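Notes follow the structure.
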Amino acid sequence: MSYTVFTDACSNLPGSLIQRFDIHALPCSYLMDGEQGVYEGNIDAFDSHDYYEKLRNGSEMKTSLLNSQLFLDHFRPELEKGLDVVYVGLSSGVSGTLQAAQIASNMLADEYPNRTVRVIDSLGAALGPGLLTCRAAELREEGKTANEAGDILDIEVSKLLQFFTVADLNFLKRTGRVSGPTAAIGTVLNIKPLLWGDPTGHIVAYSKCRGRQKAIDAIVEQYRTKVVDPQNQRIGITHGDCLEEAELLAKRVCEIAQPKEIIIVPHEPFTGAHVGPGMLALFFFGEERK
């Protein structure tokens, strides 16, 4: 094994994939109504119904960034073993965690000049970095070095598409994704935005739809028109406690073009706090983001 694959808990991966690919997921801490919690990164162990129900009832969620010391503490033992490191992280467009990883990488480059630490900006959230982390592990199985894998992942980042919609605009309002007046008008008019991770890794509106069903239709249409080589890729769906809709989305996607593998999981708690209950997202590789 030429390198160790790292990601953080925000990658939204199920335990089966973490175990299958020997992925090291770094834990993330948070406060829910003032109480400290830690999410270890296995989405199977996350009680999504309880979490999103608390958000529905007005609970306040505060997240904290991973700091450089955490990365140093986890990366250094692997380098001591003579292994390199590939870390795939949450988009720099929505979090400062990637910067902390890069600072740690720069520090370790001085300590271990013969080793490599590649930090990959996924320019995405949830299963965005999750799918890229799985690719990092697959490239390792193919015999790629850390630098070779990093170069390939840097290219694939631009082809990873992430489209989603939300049920309640007020969660986006709280984090500044939409203004107060826009959220109020959108709620009255039943406007459901189709959002995506843009080429710079920011979450922005792609289009506006009247009603939930049309927003989901719009996600399906993005897959229909943009997916590339689906039979050889793993795609993902995350949901904010709306499993039935997620399963229907998966069925519609598979009717268009059956992927090699499809993952359906609850949306992780960190970015989940910003999009709220009822969010529904699709992640797949396709045309370059532009």
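As the structure is a computational prediction, the values presented were derived from the model and not from experiment. In this chain, residues are counted from 1 in sequence order.
Between Q222 atom CD and E287 atom CD the span is 9.5 Å, to the nearest 0.5 Å.
Using a 4.0 Å cut-off between charged nitrogen and carboxylate oxygen, K251 and E244 do not count as a salt-bridge pair. Salt bridge R252/D217: present, at least one basic N to carboxylate O contact under 4.0 Å.
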Salt bridge (Lys or Arg N to Asp or Glu O under 4.0 Å), that's the test. Do E138 and R135 meet it? Break it down for me. CA-CA 5 Å; E138 289 173 333; R135 281 290 293 136; 3.4 Å; yes

Output, in order, the C-alpha distance, side-chain angles, deciding distance and verdict of ring pair (Phe, Tyr, Trp, His ring centres under 6.0 Å) for Y30 and Y39. CA-CA 8 Å; Y30 62 90; Y39 173 56; 7.8 Å; no

Does K144 form a salt bridge (Lys or Arg N to Asp or Glu O under 4.0 Å) with E142? I'd like the steps, not just the answer. CA-CA 6 Å; K144 298 292 191 291; E142 294 172 12; 3.7 Å; yes

Evaluation steps, side-chain contact (heavy atoms from CB on, under 4.5 Å), between F283 and F164: CA-CA 9 Å; F283 305 81; F164 69 98; over 6 Å; no

Determine, step by step, whether D33 and K54 satisfy the side-chain contact (heavy atoms from CB on, under 4.5 Å) criterion, reporting the C-alpha distance in whole Å, the side-chain angles of both residues, the deciding distance to 0.1 Å, and the verdict. CA-CA 10 Å; D33 291 333; K54 286 179 178 177; 5.5 Å; no

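Remark: the N12 side chain and the T238 side chain contain no N/O donor-acceptor pair separated by less than 3.5 Å.
For the pair S11 (side chain) and G130 (backbone), a donor-acceptor distance under 3.5 Å is absent. With hydrogens and angles disregarded, no donor-acceptor distance shorter than 3.5 Å links the side chain of R234 to the backbone of I262. At distances below 3.5 Å, not a single donor-acceptor pair connects side-chain atoms of E156 with backbone N or O atoms of L153. Of the possible donor and acceptor atoms, one in the side chain of Q233 sits under 3.5 Å from a partner among the backbone N and O of F285. Proximity of a side-chain donor or acceptor of T165 to a complementary backbone N or O of P193 within less than 3.5 Å is detected. Side-chain atoms of Y51 do not come within 3.5 Å of backbone N or O of D241 as any donor-acceptor pair. A distance-only check finds no donor-acceptor pair linking the side chain of S95 to the backbone of S92 [under 3.5 Å]. At least one donor-acceptor pair closer than 3.5 Å links the side chain of Y3 to the backbone N or O of R140. A donor-acceptor contact shorter than 3.5 Å links the side chain of S122 to the backbone of G89. Without hydrogens or angle criteria, H74 side chain to L70 main chain gives a donor-acceptor distance under 3.5 Å.
The list of salt bridge (Lys or Arg N to Asp or Glu O under 4.0 Å) pairs with a residue in residues 92-115, not counting sequence neighbours, reads R76-E111, D84-R115. The list of ring-ring contact (aromatic ring centres under 6.0 Å, His included) pairs with a residue in residues 86-140, not counting sequence neighbours, reads F71-Y87.
Under the side chain to side chain contact (heavy atoms under 4.5 Å, CB included) criterion, P14 pairs with S16, L17, I43, D44, I263, V265, not counting sequence neighbours. Residues forming a side chain to side chain donor-acceptor pair (under 3.5 Å) with N147 (at least two apart in sequence, or on another chain): R118. Residues passing the side chain to side chain donor-acceptor pair (under 3.5 Å) test with E221 are R224, sequence neighbours excluded. Partners of S29 by side chain to side chain donor-acceptor pair (under 3.5 Å), not counting sequence neighbours, listed by chain and number: S64.
Cluster annotation: V88 and V157 are assigned to the same hydrophobic cluster (Ile/Leu/Val/Met/Phe/Trp/Tyr, side-chain heavy-atom contacts under 4.5 Å, transitive).
More than 12 non-hydrogen atoms from other residues, nucleotides or ligands lie less than 6.0 angstrom from CD of E53. Heavy atoms of other residues, nucleotides or ligands lying less than 6.0 angstrom from CD of E35 number 12 at most. Summarising the local packing, NZ of K260 is surrounded by more than 12 heavy atoms from other residues, nucleotides or ligands at distances under 6.0 Å.
Looking at every heavy atom in both residues, K192 comes nearest to A167 through NZ-O, 2.8 Å. Closest approach of E40 and A9 over heavy atoms only: C-CB, 4.2 Å. The two residues E141 and F21 have their closest heavy-atom pair at OE2-CD2, 3.8 Å.
You'll find the side chain of L31 stays beyond 4.5 Å of the side chain of M61, heavy atoms only.
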